[in-house]
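From a predicted model like this one, the values you see are computed outputs, not experimental measurements. Here is the naming used below: chain letters follow the sequence lines, and residue numbers restart at 1 for every chain.
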2 protein chains.
Amino acid sequence: MGLSYAEENYLKAILKLSGSPDGTVSTNAIAAQLDTSAASVTDMLKKLSDKELITYQRYKGASLSEEGQRVATSLLRKHRLWEVFLVQSLGMTWDEVHEIAEELEHIQSDRLIERLDNFLGHPKFDPHGDPIPNKQGRYTLRAQIPLSTLVSGQSGMIIGVKEDDSPFLKHLNDKGLSIGKIVRVLTIDEYDHGLLLRMEGDDVVLSGQVADHILVKPVA
Amino acid sequence: MGLSYAEENYLKAILKLSGSPDGTVSTNAIAAQLDTSAASVTDMLKKLSDKELITYQRYKGASLSEEGQRVATSLLRKHRLWEVFLVQSLGMTWDEVHEIAEELEHIQSDRLIERLDNFLGHPKFDPHGDPIPNKQGRYTLRAQIPLSTLVSGQSGMIIGVKEDDSPFLKHLNDKGLSIGKIVRVLTIDEYDHGLLLRMEGDDVVLSGQVADHILVKPVA
DNA sequence: AATATTTTTTAGATTAATCTAAATTGAGCT
DNA sequence: AGCTCAATTTAGATTAATCTAAAAAATATT
């Protein structure tokens, strides 16, 4: 028997919040992540615990079991593969694909996903620069650091973002920033940490907060 | 606000059963189609009527409203476009795509569907030979007749099937029958109406019932 | 250590979709 | 017109997921 959308979303939230695949997560943190009440979370944690998808102790929080990790990682894999498809094949923009992938990730068919993976050429990263777990749930970690940590004169290739929300991604798009682009830091404001960047000849101004949420790979 | 999966499935069932986009459908027919109880159907018909997606009169049956037709046809469009994608792009077989498309058709995004349609080259028919409604809900009807109506010596190109269920499609696959193949009727059994066909040099035997569910376009 | 605060859980209700069993309606047949 | 029977609807329950408000446990503060 498959899991419900709700159950799957809880597992994803726990994986996301635990950061490390292991690690325990509080009821309130999950409630905030899923924008629901703590009481609902408690109910669901009991159910997931009964199904042995998580380890749960009253008042102590929850962590994914082996099986729970498997399921959650598989959802991540599906989500990210669909995002690649939407951007690469259908030509959608990276700021509009997240919500659609949020629905597509629940489609039930292992065969479909393996075919899709093959069709896309086994990509290792999604359009936001996040790594795509392989069939076994393993994924490469990429050397990525916030753009805000570069020093004046240094260059970096944009490989991802920390925030997934649409307004933020749209903001980047508007500035011409996207995956693969190489930027060079011209100046950094000492007071507010705002950046002046040069990208493909154009100069772009970026606030410190925004630069903090853009991930780059340093380039020689 | 979008509709629930359940509501969408009822609209699809009504469209399918009414044959002609108009035409009224009985409670029991819907219950049989969706493999549910008549009582459940009554509940749902009331709800859909409140939302003005159908016209419904107690004890008299239901028919789609303008808006209901729009929604149901759009579902058909999505279902069939996804089937084309699964077969054409991912290389799946026509007997395994129906159930997956059954899930994919509920994904909410008009932009996604228009992009997919474009990506696929605006196909007019799905892998089962069924016409794909355009954005406005209109679709071409193709001159298609059951294989069982051909007479001895006549040839036809396979363009579709009446049954969508997997065992049936698998059966055809096993016999080497698929969309686009041209078959010639060699003999027809007078007693049980079984057929002997020639296809690409090979001879294939088919029961009358099966031939009745295969759609062909007569070929000179 | 005792108290105050925060977090989490329990209790009790609600909504959507479904079920079974019983009552009602409509249609066909003498 | 009256009767019978199938089709349909109503009544009353059930399950999953959610909510609010109140109680209980854990944590922090004095």
| message | I want to confirm an ordering. Mapping B:V41 and A:T36 to their closest nucleotides on DNA chain D, which one lands closer to the 5' end? | response | B:V41
| said: At less than 4.0 Å, is any side-chain N or O atom of B:N28 found next to OP1 or OP2 of D:dA6? Yes or no. | reply: no
| First of A:S4 and A:Y59 reached from the 5' end of DNA chain D, by closest nucleotide | A:S4
| query | Does a side-chain N-to-carboxylate-O contact under 4.0 Å join A:D50 and A:K46? | reply | no
| query | Would you call A:D117-A:R77 a salt bridge at under 4.0 Å N-O? | reply | yes
| query | Which part of the nucleic acid, if any, lies within contact of A:T27, taking any heavy atom under 4.0 Å across all strands shown: a base, the sugar-phosphate backbone alone, or nothing? | reply | sugar-phosphate
| field | Phosphate contact (D:dT18 OP1 or OP2) by A:Y10 side-chain N/O below 4.0 Å | value | yes
| field | Ion pair B:E7/B:K51, N-O distance below 4.0 Å | value | yes
| request: Between C:dT18, C:dC19, C:dA11, spot the one nearest the side chain of A:A39, thanks. | output: C:dA11
| task | Using a 4.0 Å heavy-atom cut-off across all strands, classify B:Y56 as base, sugar-phosphate, or nothing. | result | sugar-phosphate
| note | Between CZ of A:R58 and P of D:dA23 the distance, given in whole Å, is 17 Å
| request: Figure out the CG/C1' separation between B:D43 and C:dT15, and round it to whole Å. | output: 13 Å
| query | Phosphate oxygens OP1/OP2 of C:dC19: is one of them under 4.0 Å from a side-chain N or O of B:S37? | reply | yes
| So A:E83 and A:R80, salt bridge (charged side-chain N to carboxylate O under 4.0 Å, His left out) or not? Walk me through it. | CA-CA 5 Å; A:E83 284 199 344; A:R80 293 177 179 170; over 6 Å; no
| OP1, OP2 of D:dA7 versus side-chain N and O of B:K60: anything below 4.0 Å? | no
| message | Any base atoms under 4.0 Å from A:S40, or only sugar-phosphate, or nothing? Heavy atoms, all strands. | response | base
